Amino acid sequence: IRENYLGLKHPDVAASFTDLARLYRAQGRYAVSEPLYAHALELLENGSELNRPILAQMLNSVASLYAEQGKYTEAKPLYLRALAIREKMLGPQHSEVAANLEGLAELHAILGAYAEAEPLYERALAIYERALGFDHPAVASILNNLAELYVERGRFTDAESIYRRALAIRQNSLGARHPDYADTLDDLAALPNEVARYAKAEPLIRQAREIYQTALGPGHPDVANNLSNLARLNFEQGKYAKAEPLYWRASVIRERTLG
């Protein structure tokens, strides 16, 4: 209907395809979602210059879709194009520029290019802090990702400090029953532990699982990840009898939810 009344180049036509693409993506039906995104992208590419901000958003969405599927080679140039459009139209300090930088940083981190990812995260963090404030959930998200990067680089003390800052922000802005708060609890507990710190890690993992089960349900994949973390904690202490049933519970949840 929109194509007939508005014409193919109208942004509302692309929006209709985008809405459908998001719906199928949320259901995990990537094979259906991807061509719809591609069609919407093609319409915006051929449209007015006024549609550039919408085009940048679409490029970012398609890039993240590719990244979710492990298509990192296809994702990177789209992230870069979106970044260039947003920097030109919105300025280098805009929060949407930070969102692109974060996507690129995550891509580099997944590929193990930590030296390239770190400055992108740091730049995105600085933009979010200026644009949104130091206690915004988006700041906590970047901090959590940066801490994960430090873990991969063996900087465990730095990672713990940043995790704790992210935890405080999430508690204040989202509340101590929010799944994102539980994510940071889990990450903090999963830091490489000296023997003396195992006792501190287990209560964090159990607290996180209680939040996940209440907010997301006992069969959610995040519950499975949490069970695996607790199993690994017991395994590292030689408590194999405690670790085994936790690993089994995690595998059952994943099989049911992920196939």
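The structure presented is a predicted model; accordingly, all values stated were derived computationally and were not measured. Just so you know, residue 1 is the first one in the sequence shown, and it goes up from there.
Side-chain contact annotation: D186 with N225, donor-acceptor N/O pair under 3.5 Å absent. At a cut-off of 3.5 Å, with distance as the only test, no side-chain donor of E74 or Q69 sits close to an acceptor on the other residue.
For S61 (side chain) and Q57 (main-chain N/O), a donor-acceptor pair under 3.5 Å exists by modelled atom type. Of the possible donor and acceptor atoms, one in the side chain of Q237 sits under 3.5 Å from a partner among the backbone N and O of L233. N226 places no side-chain N or O within donor-acceptor distance of the main-chain N or O of R206, the cut-off being under 3.5 Å. Remark: the backbone N or O of D183 is paired with a side-chain donor or acceptor of Y212 at under 3.5 angstrom. Without hydrogens or angle criteria, R170 side chain to D180 main chain gives a donor-acceptor distance under 3.5 Å. In terms of modelled atom types and a separation under 3.5 Å, the side chain of S161 and the main chain of D158 share no donor-acceptor contact.
Between K242 and E202 there is no salt bridge, since none of the side-chain N atoms of the basic residue sits less than 4.0 Å from a carboxylate O of the acidic one. Using a cut-off of 4.0 Å between Lys/Arg side-chain N and Asp/Glu carboxylate O, E116 and K76 are scored as not salt-bridged. Salt-bridge annotation for R123 and E87: present, with a side-chain N of the basic residue lying under 4.0 Å from a carboxylate O of the acidic one.
Residues Y79 and S64 share a closest heavy-atom pair of OH-CA, 3.4 Å. For the pair R153 and E118, the tightest heavy-atom approach, listed with the atom from each and the gap, is NH1-OE1, 2.6 Å. S95 and Y128 make their closest contact through O-CE2, 3.7 Å (heavy atoms, listed as atom of the first residue, atom of the second, distance). Contact between A67 and Y72 at its shortest, heavy atoms only, is O-CE2, 3.4 Å.
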Working for side chain to side chain contact (heavy atoms under 4.5 Å, CB included), residues Q27 and Y24: CA-CA 5 Å; Q27 297 172 11; Y24 290 124; 4.0 Å; yes
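With hydrophobic clusters built from ILVMFWY side chains whose heavy atoms lie under 4.5 angstrom apart, L20 shares a cluster with L43. Residues I169 and Y163 are members of separate hydrophobic clusters, defined by side-chain heavy-atom contacts under 4.5 angstrom among Ile, Leu, Val, Met, Phe, Trp and Tyr. No chain of hydrophobic side-chain contacts below 4.5 Å, direct or via other Ile, Leu, Val, Met, Phe, Trp or Tyr residues, connects L143 to Y181. Side-chain heavy atoms closer than 4.5 Å link hydrophobic residues (I, L, V, M, F, W, Y) into clusters, and following such links, possibly through other members, connects L125 to L132. Note on M58: it clusters hydrophobically with M89, by side-chain heavy-atom contacts below 4.5 Å among ILVMFWY residues.
Rounded to the nearest 0.5 angstrom, L185 CG and E210 CD are separated by 11.0 Å.
For R25, the salt bridge (Lys or Arg N to Asp or Glu O under 4.0 Å) partners at least two apart in sequence or on another chain are E68. Residues satisfying the ring-ring contact (aromatic ring centres under 6.0 Å, His included) criterion with Y114, sequence neighbours excluded, are absent altogether.
Annotation for E244: atom CD does not count as buried by contact number, only 12 or fewer foreign heavy atoms lying within 6.0 Å.
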